[in-house]
Amino acid sequence: MPPAKSGIATYSSAVLSSLERTGYRRRREMDVLWPLRPKHLSAIGRYQLGVFHIGNNYDFHGDIYRLASMNPGVVVLHDLGLDDLVRALITAGDSLGYRAGREALLRADRLSLPEAITEEPLSQPWCGHIARAARGIIVHSEFCRRYLEDFGCRTPVFVVPHPIVEREADVRAAAPAGARIRARLGLTTDDTLIVAAGDMNPAKQLDAVTGAVALLGDDVHLALVGRRVPTWSPAELVRSSPLGRRLTVATDVSDEAFLGWLHAADVVADLRFPHRGEVSGTLIRAMQVGRASVVSGTGTYLDVPNDVVVHVAPGQPDVAELAAVLSDLAEDPERRRRLGAAARAHLDATAGGDRTARGYEEAIEETLALVLDPRRLAVTRWARAMNEIGFAPEGFDEDFGLSYVRGLSDFVGRKGGRTPGGR
């Protein structure tokens, strides 16, 4: 798990709580290793299986990436575009960075999805190396599965829904805070509050959101709410904005206050460009609160139906288009209500009832069975030997043990089990 307060750390805690509720943590002995200490680097090899959470932040996930490469297990890909992490590994002189960069370069030509053209971090499969090393991969949307398969990934992929992070009791308890926020801002029921929520970074396209709201009437207000990041500050945006008192910035708010702002919102803006194949925890929370949300029409966002969220064109936002979408929502409270209700229903149907924990259990158990299968070890030894002698596909005419491998696969198939390999 990542060592610092972040969206992925909050996610990880929610998953562990869900596994506790389902009883899986009592059926399987599980340890949570973080922060990593020197003793863990040798001890981790004695575990039957590791589950590694990997995002695109070298400081938080560099060591996890290294462990996952050396101790193949289940990799949870929170981002498909691991460009920043891989480049940081290269800068640090880590050989894993060079291997990952080479893998991304060699497989880039295989990509055919539109996002590989419009979203630069996805134009090269920066996750290809860690996907090859893994024995199983957990992702949170069908788009992520399609992307992995598009560049030729053969590691088993498990699509597990992003958990409902907040407890329902906490969501209900935050509603009064939302009313207080609107009162403090002097907003009436005739006013519209658009909240651009989540980590404040260039990918959230806050300048485009601010520019779009500036084209709307004086009864439309904007709040930028979320954690600050070291590489971007909202200060210049605030100075140059014509919104004046219609713009509010709330940075580094508590989890409780964040939910309060979502309650205060009439519309939540959650844009991403470039998109890295991540599933937005902010969107999950907005849906849980029951708010109409405007998102980018790309990648994982397209896995959410059009009657649940409002999609705008992918890529760099068109300010005029965004302004028109926000204006329509501001003028139609009944549509906002329908979207919010549909969002809550969709979230409950796709991620409610500890579905995330059940998905983790399936991924861990199937991968564990694969790792412990002695037939897989035999195939691995054969494959490594073929690699060492520089084997090429045309060598199949001379067999090179291929009949033995096929025999194992046929035996496993007749027994009703899973074929060895999986990569």
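FYI, side chains are in, hydrogens and waters are out, and symmetry mates aren't considered; it's all heavy atoms of this structure.
At a cut-off of 3.5 Å, with distance as the only test, no side-chain donor of Tyr98 or His129 sits close to an acceptor on the other residue. Looking at His61 and His53, their side chains never bring a donor and an acceptor atom within 3.5 Å of each other. A donor-acceptor contact closer than 3.5 angstrom is absent between the side chains of Thr282 and Asp270. With hydrogens and angles left out, the side-chain atoms of Asp266 and Thr192 include no donor and acceptor closer than 3.5 Å.
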Step-by-step salt bridge (charged side-chain N to carboxylate O under 4.0 Å, His left out) determination, Arg335 to Asp332: CA-CA 5 Å; Arg335 185 187 178 203; Asp332 194 343; 5.5 Å; no
Stepwise side chain to side chain donor-acceptor pair (under 3.5 Å) test for His140 and Tyr11: CA-CA 12 Å; His140 302 108; Tyr11 161 99; 2.6 Å; yes
Stepwise side chain to side chain contact (heavy atoms under 4.5 Å, CB included) check, His221 with Ile194: CA-CA 6 Å; His221 299 253; Ile194 297 166; over 6 Å; no
Stepwise salt bridge (charged side-chain N to carboxylate O under 4.0 Å, His left out) test for Arg110 and Asp150: CA-CA 7 Å; Arg110 298 190 181 192; Asp150 196 40; over 6 Å; no
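Considering only heavy atoms from C-beta on, Gln48 comes within 4.5 Å of Leu372 through its side chain. Inter-residue side-chain proximity for Glu168 and Gln288 is flagged as met; some heavy-atom pair is nearer than 4.5 Å. Counting heavy atoms from C-beta on, the side chains of Asn71 and Tyr47 never come closer than 4.5 Å.
Between the Asp303 side chain and the Phe143 main chain, a donor and an acceptor come within less than 3.5 Å of each other. At distances below 3.5 Å, at least one donor-acceptor pair connects side-chain atoms of Arg355 with backbone N or O atoms of Asp348. Of the possible polar contacts, one joining the Ser69 side chain to the Tyr65 backbone as a donor-acceptor pair under 3.5 Å is found. Listed for the Asp84 side chain is no donor-acceptor partner under 3.5 Å among the backbone atoms of Asn57.
Under the side-chain contact (heavy atoms from CB on, under 4.5 Å) test applied with Asp79, the options Leu77, Asp83, Leu82 reduce to a single match, Leu82.
Interatomic distance, CD1 of Ile137 versus CZ of Arg135, reported as 11.0 Å (0.5 Å rounding).
Heavy-atom neighbours of Arg27 CZ from other residues, nucleotides or ligands within 6.0 Å: above the threshold of 12.
Sorted by first then second residue, the ring-ring contact (aromatic ring centres under 6.0 Å, His included) pairs that include residues 265-289, not counting sequence neighbours, are His275-Tyr301.
Between Glu119 and Arg272 there is no salt bridge, since no side-chain nitrogen of the basic residue lies less than 4.0 Å from a carboxylate oxygen of the acidic one.
With sequence neighbours excluded, the residues forming a side chain to side chain donor-acceptor pair (under 3.5 Å) with Arg28 are Glu365, listed by chain and number.
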